[in-house]
Amino acid sequence: THANLESRLIYGSYPEIVTMDNPDDQKEYLLDIVNAYLLKDILSIEGLKNASKMKDLLRLIAYQMGNEVAYDELGKQLGMSKNTIEKYLDLLSKVYIIYRLGAFSTNLRNEVTKAGKWYFYDNGIRNALIGNFNPVNSRQDTGSLWESYLISERIKLNHFHGMHKEFYFWRNYSGSEIDLIERSADQINAFEFKWGEKSPKIPPTFKTNYPDVSYSVINRSNYLDFIC
């Protein structure tokens with residue numbers, strides 16, 4: 001149901017969360033995960049000392065979720081070296097907290113190639129980090145949560161079925177963008193995600209450069225076919 005969907009966007013999809021009916025219990029559970037597992041366990045595994053910097057980095061990623069992130073800029077904001085930022089992000093990827101989506105390109109000159117976007121595997125963790133459990137209809141970031149949820153579930157579906165697909169976003173320097181590019185050995189699919197009823201057309205430059213790519217808009221009426 002759409003009510004359950006909105007709950008997943010705010011509180012995430014951990015099995016324990018899904019079985020809880022009380023939002024206060026859900027919040028407490030997520031905050032415990034963030035403060036105990038995310039910081040203490042991960043930092044102790046790696047022998048890292050700076051728990052507050054790790055949390056600050058995760059918060060920055062949370063606020064910039066779905067936007068392109070520059071390591072140099074993160075380093076400046078946190079007073080850390082680019083190498084340390086990369087080390088922390090790599091560690092957080094290995095323990096399945098966040099993941100990077102790279103830019104899709106076949107080296108056409110006007111396409112962005114070096115950029116990367118970061119997403120959380122679970123929206124509940126992301127929202128706990130920034131302390132925002134407001135309902136969907138009173139948020140400014142609903143589109144980002146929707147995008148994150150769909151991409152994460154699609155990646156999990158890919159792993160579950162052992163399909164070995166690769167995932168990217170696409171953007172050119174004139175600002176045209178596609179949320180998700182999915183590439184397999186013999187096919188490329190493009191997806192745009194909309195929480196509302198809009199159904200944007202494929203960017204003309206993308207269609208010209210990749211005429212054989214299928215393009216779909218995913219919204220609340222058809223998302224189950226996309227993630228199941």
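- Side chains of N137 and E6 form no contact here, defined as non-hydrogen atoms less than 4.5 Å apart.
- Taking 4.5 Å as the limit, some side-chain heavy atom of R126 sits within range of a side-chain heavy atom of L145.
- Scanning all heavy atoms of the two residues, the minimum distance from A128 to L31 falls at O-CD2, 3.8 Å.
- Side-chain contact between Y11 and N127: absent, with no pair of heavy atoms (C-beta onward) separated by less than 4.5 Å.
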Check against side chain to side chain contact (heavy atoms under 4.5 Å, CB included), I188 and I181:
CA-CA 7 Å; I188 299 175; I181 305 294; 3.7 Å; yes
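- Side-chain contact between I155 and H159 is present, with at least one heavy-atom pair separated by less than 4.5 Å.
- Ring-centre distance between Y119 and F169: not below the 6.0 Å cut-off.
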Applying side chain to side chain contact (heavy atoms under 4.5 Å, CB included) to V217 and K198, what does each step give before you reach the verdict?
CA-CA 9 Å; V217 176; K198 290 182 181 178; over 6 Å; no
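- With a 4.5 Å cut-off on side-chain heavy atoms, K55 and V34 count as touching.
- By the rule that hydrophobic residues join a cluster once side-chain heavy atoms approach within less than 4.5 Å of another member, V18 and V136 end up as members of separate clusters.
- Between R220 and G196, the shortest heavy-atom distance links the atoms NH2-CA, 4.1 Å.
- There is no path of hydrophobic side-chain contacts, each under 4.5 Å, that joins L157 to Y14.
- Listed here is the closest heavy atom pair of S184 and K165: CB-CG, 4.0 Å.
- Between atom OG1 of residue T84 and atom OH of residue Y71 there is a gap of 13.5 Å, rounded to the nearest 0.5 Å.
- Rounding to the nearest 0.5 Å gives a distance of 10.5 Å between CD of E68 and CG of L101.
- No hydrogens or angles considered: nothing links the side chains of Y149 and S13 as a donor-acceptor pair under 3.5 Å.
- Note that CD1 of I85 and NZ of K87 are 12.5 Å apart. Values are rounded to the nearest 0.5 Å.
- Looking at P203 and I178, their side chains come closer than 4.5 Å, going by heavy atoms from C-beta outward.
- Residues I33 and E16 have side chains not in contact (no heavy-atom distance under 4.5 Å, counting atoms from C-beta outward).
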What's the verdict on side chain to side chain contact (heavy atoms under 4.5 Å, CB included) for N158 and E182, showing C-alpha distance, side-chain angles and the deciding distance?
CA-CA 10 Å; N158 171 70; E182 182 181 87; over 6 Å; no
Could you walk me through whether E153 and R8 pass the salt bridge (Lys or Arg N to Asp or Glu O under 4.0 Å) check?
CA-CA 11 Å; E153 291 302 310; R8 287 195 292 276; over 6 Å; no
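- Under a hydrophobic clustering in which Ile, Leu, Val, Met, Phe, Trp and Tyr are joined whenever their side-chain heavy atoms come within less than 4.5 Å, directly or via other members, Y99 and L60 fall into the same cluster.
- Side-chain atoms of E192 come within 3.5 Å of backbone atoms of D179 as a donor-acceptor pair (strictly under, hydrogens ignored).
- Side-chain N or O atoms of N134 include none that pairs as donor or acceptor with a backbone N or O of R139 at under 3.5 Å.
- Distance alone, capped at 3.5 Å, is enough to place a donor-acceptor pair between the K53 side chain and the L78 backbone.
- The backbone N or O of S144 lies less than 3.5 Å from no partner atom in the side chain of S148, so there is not a single donor-acceptor pair.
- Paired with Y210 under the rule ring pair (Phe, Tyr, Trp, His ring centres under 6.0 Å), one option of F104, Y215, W170 passes, and it is F104.
- The backbone N or O of R183 lies less than 3.5 Å from no partner atom in the side chain of E166, so there is not a single donor-acceptor pair.
- No side-chain donor-acceptor contact under 3.5 Å links D25 to the backbone of M20.
- The cluster map of Ile, Leu, Val, Met, Phe, Trp and Tyr, joined by side-chain heavy atoms under 4.5 Å apart, puts I130 and I10 in different clusters.
- Residues F191 and L224 fall within the same hydrophobic cluster, defined by Ile, Leu, Val, Met, Phe, Trp and Tyr side chains chained together at heavy-atom separations under 4.5 Å.
- For H164, the NE2 atom is loosely surrounded, since the number of other residues' heavy atoms within 6.0 Å does not exceed 12.
- Checked by atom type and distance alone, the side chain of N222 pairs as donor or acceptor with a backbone atom of N219 at under 3.5 Å.
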Take W146 and Y223 through the ring-ring contact (aromatic ring centres under 6.0 Å, His included) test and state the conclusion after the steps.
CA-CA 10 Å; W146 180 233; Y223 81 98; 5.5 Å; yes
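- A donor-acceptor pair under 3.5 Å is formed between the side chain of S152 and the backbone N or O of F120.
- The shortest distance between side-chain heavy atoms of F167 and I151 does not fall below 4.5 Å.
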Start with the C-alpha distance between F226 and L150, add both sets of side-chain angles, then the distance that settles side chain to side chain contact (heavy atoms under 4.5 Å, CB included), and finish with yes or no.
CA-CA 8 Å; F226 180 73; L150 291 175; 4.0 Å; yes
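- Rounded to the nearest 0.5 Å, atoms NZ (K207) and NZ (K201) are 9.0 Å apart.
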With salt bridge (Lys or Arg N to Asp or Glu O under 4.0 Å) as the criterion, how do K94 and D90 come out once you've worked through the C-alpha distance, each side chain's angles and the decisive distance to 0.1 Å?
CA-CA 6 Å; K94 286 176 178 173; D90 181 60; 3.1 Å; yes
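- Taking CG of N172 as the reference point, atom OG1 of T205 lies at 4.5 Å (rounded to 0.5 Å).
- The line from CG of L57 to OH of Y88 is 8.5 Å long, rounded to the nearest 0.5 Å.
- Counting non-hydrogen atoms of other residues, nucleotides and ligands closer than 6.0 Å to CD of E177 gives a total above 12.
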